[in-house]
Amino acid sequence: MSRNRTNQKPMGVVMSHHILNRRIRKAGAAALIAAASAVALTACGSNDSSSDAKGSSSSHASSAAKSPRSDASIHNQAGNQTGKRAAALGSGTNKAQATSECQPGTLRATLDSAGTSQAEMNHRGTFLRVTNTGDETCVISGYAGVALEGAGHTAIKTTARHGSTYFATDPGTHPITLAPGKSAWADLVWTTTGAGTAHAKYLQISPTGSNSHSTVAFNHDLDNSTLSLTAWSAKPPING
């Protein structure tokens, strides 16, 4: 009997073991809850990170979507700049190569046979010659202005016909570049049948058709105060 009493545990000890076990279980549950919370927080953190990653990816994608337009804009701007530079270079080249129209003050007009006789079937002719007396190259084109004068430089009403003459084919209006000292030529022809004869003594020649002109001796009788002339050309125009 005494041995049985010795092995039986006191009630207080049993209760204390139960309480201790509950506390241990509670502590373990709390630890499990804390761990679960930590996992949840970590998971939330992972979700936020993923969201940031997605946001970052979305931002990069948006940037990538925009970058082609930006690149195109840059390329367009570069192209425009290149085009502008090319245009500037082109305009500079044109300016370097281009020449201005000949000014009347730098041109001297004369009559010149150029070693050729133009006399056949009541037709007579000679050449108008215009020379650049200036220091710069210039361009001339078109037809000269001409007018007859009588004795004492009296004006004679003059008819000028533009085109081919009896002796030369009209080259047509085209630009002729005249370096300093260089000349352009035009054929000048009239008839002498005695119809409505005008007794000319002088001829006014306006190389550019302006009011500015040279006056040269022109002692000829001609029909109806009419002159035929070709456009300016780089050499004396004459039919071969």
Side-chain angles (χ1 to χ4, degrees), residues 100-134 136-240:
S100 60
E101 293 182 359
C102 295
Q103 299 302 308
T106 64
L107 299 173
R108 180 171 59 88
T110 58
L111 297 177
D112 193 331
S113 67
T116 301
S117 174
Q118 297 188 67
E120 186 180 333
M121 300 290 293
N122 296 321
H123 290 81
R124 302 290 183 270
T126 189
F127 295 108
L128 301 178
R129 179 178 180 178
V130 62
T131 304
N132 179 10
T133 62
E136 297 182 358
T137 298
C138 61
V139 173
I140 191 171
S141 64
Y143 297 85
V146 291
L148 296 168
E149 291 182 357
H153 294 281
T154 57
I156 298 175
K157 187 176 180 179
T158 306
T159 299
R161 294 176 177 170
H162 298 166
S164 297
T165 68
Y166 185 83
F167 301 102
T169 300
D170 184 29
T173 300
H174 62 287
I176 302 163
T177 302
L178 294 182
K182 297 299 181 180
S183 301
W185 306 76
D187 194 37
L188 180 70
V189 175
W190 59 96
T191 60
T192 58
T193 64
T197 301
H199 304 286
K201 297 296 181 182
Y202 304 97
L203 178 68
Q204 296 178 6
I205 306 172
S206 173
T208 61
S210 67
N211 290 330
S212 179
H213 60 270
S214 301
T215 302
V216 297
F218 187 76
N219 190 14
H220 295 282
D221 293 340
L222 62 160
D223 295 338
N224 303 311
S225 307
T226 299
L227 295 167
S228 298
L229 68 156
T230 63
W232 292 116
S233 61
K235 60 182 181 180
I238 193 72
N239 292 339

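As the structure is a prediction and not an experimental result, all values here were calculated from the model. Excluded from the calculations below are hydrogen atoms, water molecules and symmetry mates; all remaining heavy atoms, backbone and side chain alike, are included. Numbers here simply count residues along the sequence, with the first being 1.
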Nearest atoms (heavy-atom pairs only) where [X] meets [Y]:
X: Y143; Y: G163; value: CE2-N, 3.9 Å
X: L111; Y: A217; value: CD1-O, 3.6 Å
X: G150; Y: I156; value: N-CD1, 3.5 Å

Spacing of [atom1] belonging to [X] relative to [atom2] belonging to [Y], to within rounding of 0.5 Å:
X: K182; Y: T131; atom1: NZ; atom2: OG1; value: 10.5 Å
X: T208; Y: H213; atom1: OG1; atom2: NE2; value: 12.0 Å
X: H220; Y: K201; atom1: NE2; atom2: NZ; value: 10.5 Å
X: S183; Y: L107; atom1: OG; atom2: CG; value: 10.0 Å
X: T173; Y: I176; atom1: OG1; atom2: CD1; value: 9.5 Å
X: R124; Y: L222; atom1: CZ; atom2: CG; value: 12.0 Å

side-chain contact (heavy atoms from CB on, under 4.5 Å) between N224 and T159: does it pass, once the steps are laid out? CA-CA 8 Å; N224 303 311; T159 299; over 6 Å; no
Measure from the side-chain N and O atoms of [X] to the backbone N and O of [Y], and report whether any donor-acceptor pair falls under 3.5 Å.
X: W185; Y: D112; answer: no
X: N132; Y: T137; answer: no
X: D170; Y: A231; answer: yes
X: S233; Y: K235; answer: yes
X: T191; Y: H123; answer: no
X: S100; Y: C138; answer: no
X: Q103; Y: E101; answer: yes

Does a side-chain heavy-atom distance below 4.5 Å link [X] with [Y]?
X: L203; Y: L148; result: yes
X: Q204; Y: T158; result: no
X: W190; Y: T126; result: yes
X: Y202; Y: V216; result: no
X: I140; Y: P207; result: yes
X: F167; Y: I238; result: yes
X: P171; Y: T230; result: yes
X: T154; Y: E149; result: no

Does a donor on one side chain sit under 3.5 Å from an acceptor on the other, for [X] and [Y]?
X: Y166; Y: N122; value: no
X: T193; Y: D223; value: yes
X: T192; Y: D221; value: no
X: S212; Y: S210; value: no

What do you reckon, is CG of N219 surrounded by more than 12 foreign heavy atoms closer than 6.0 Å? yes
